[in-house]
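This report refers to the structure that appears directly beneath it.
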Amino acid sequence: HDALLRYANSRWREMLKVYGISQSRALRTLWMLEELGLAYEHVKTNFATGDTRKPEFLEINPNGHVPVLVDGDFAIWESMAINWYLADRYGKGKLWPASERERGHALQWSFWVVTECESNLLDCLLGRVGRRGYRRIGGAVAEQLDGDHGEVLTQSFQVGFERCGT
């Protein structure tokens, strides 16, 4: 079913292109495209090898960072902006909240995770900490969840048509 959907999807419009590697924030965009069942081309563009400083890439994103999504003649960069664009354009009824209030809450929690939790989680994922550091960082994330936002641990939330939470 998914393969058929991807094929049909690619037949009616130019294929989406994602520039970046999965070991970067491009993973967010790749994940979103998979959740939406969209056909796309993954153009592996590695910042560590200088790919993002090549003139042809800088024409797409003058900042020289990944990810970048190209949808026809439209290019957008920054993973959260890309995902909101994809949800709005292709995720109605699935990943795009129906009302302004639901979108507001979805934005609220998206930004909250990025600003409050992401740096500690990235330290763990990228191996920037030793064994003792995992406990320290795990405790820091738990404090963030338990502090001003204790409701995250005890409530479920409905965002659009997808249920998420504990």
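No experiment lies behind these values; they were computed from the predicted model shown. All heavy atoms count here, side chains included; hydrogens, waters and symmetry mates do not.
- Shortest non-hydrogen contact noted between Met80 and Ser110 is CE-CB, 3.3 Å.
- Leu27 meets the side-chain contact (heavy atoms from CB on, under 4.5 Å) test with Ser22; sequence neighbours excluded.
- When all heavy atoms are compared, the tightest approach of Glu41 to Met15 is N-SD, 3.5 Å.
- Atom CG in Leu86 sits 7.5 Å away from atom CG in Asp71 (nearest 0.5 Å).
- In the hydrophobic clustering (ILVMFWY side chains linked at under 4.5 Å, chained through shared members), Ile21 is joined by Tyr19, Val43, Phe47, Phe57, Ile60, Val66, Val68, Val70, Trp77.
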One pair to check against side-chain contact (heavy atoms from CB on, under 4.5 Å): Met32 and Ile82. What are the steps and the verdict? CA-CA 9 Å; Met32 175 65 94; Ile82 292 168; over 6 Å; no
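- Not one N or O on the side chain of His65 forms a donor-acceptor pair closer than 3.5 Å with the backbone of Thr52.
- Put simply, Phe74 and Leu36 are part of the same group of oily side chains (I, L, V, M, F, W, Y) that touch within less than 4.5 Å, one to the next.
- Between His42 atom NE2 and Leu33 atom CG the span is 10.0 Å, to the nearest 0.5 Å.
- Using a 4.5 Å heavy-atom cutoff, the side chains of Pro97 and His105 are not in contact.
- Distance check, rounded to the nearest 0.5 Å: CZ of Arg89 to CG of Leu38 gives 10.0 Å.
- The distance from atom CG of Asn46 to atom CD of Gln23, rounded to the nearest 0.5 Å, is 7.5 Å.
- For Glu59, the salt bridge (Lys or Arg N to Asp or Glu O under 4.0 Å) criterion is met by no residue, not counting sequence neighbours.
- The NZ atom of Lys44 sits 12.5 Å away from the OG1 atom of Thr49 when rounded to the nearest 0.5 Å.
- Under the 30°/60° scheme for interplanar angles, the aromatic rings of Trp96 and Trp84 are found to stand perpendicular.
- Listed by chain and residue number, Asp51 satisfy the salt bridge (Lys or Arg N to Asp or Glu O under 4.0 Å) test with Lys54 (two or more places apart in sequence, or in another chain).
- A distance-only check finds a donor-acceptor pair linking the side chain of Glu102 to the backbone of Ala98 [under 3.5 Å].
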Checking Tyr40 against Leu30 for the side-chain contact (heavy atoms from CB on, under 4.5 Å) test, could you report, in this order, the C-alpha distance in whole Å, the side-chain angles of both residues, the deciding distance, and whether it holds? CA-CA 9 Å; Tyr40 62 93; Leu30 295 167; 3.6 Å; yes
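- Through direct or relayed side-chain contacts under 4.5 Å between Ile, Leu, Val, Met, Phe, Trp and Tyr, Trp31 connects to no other residue.
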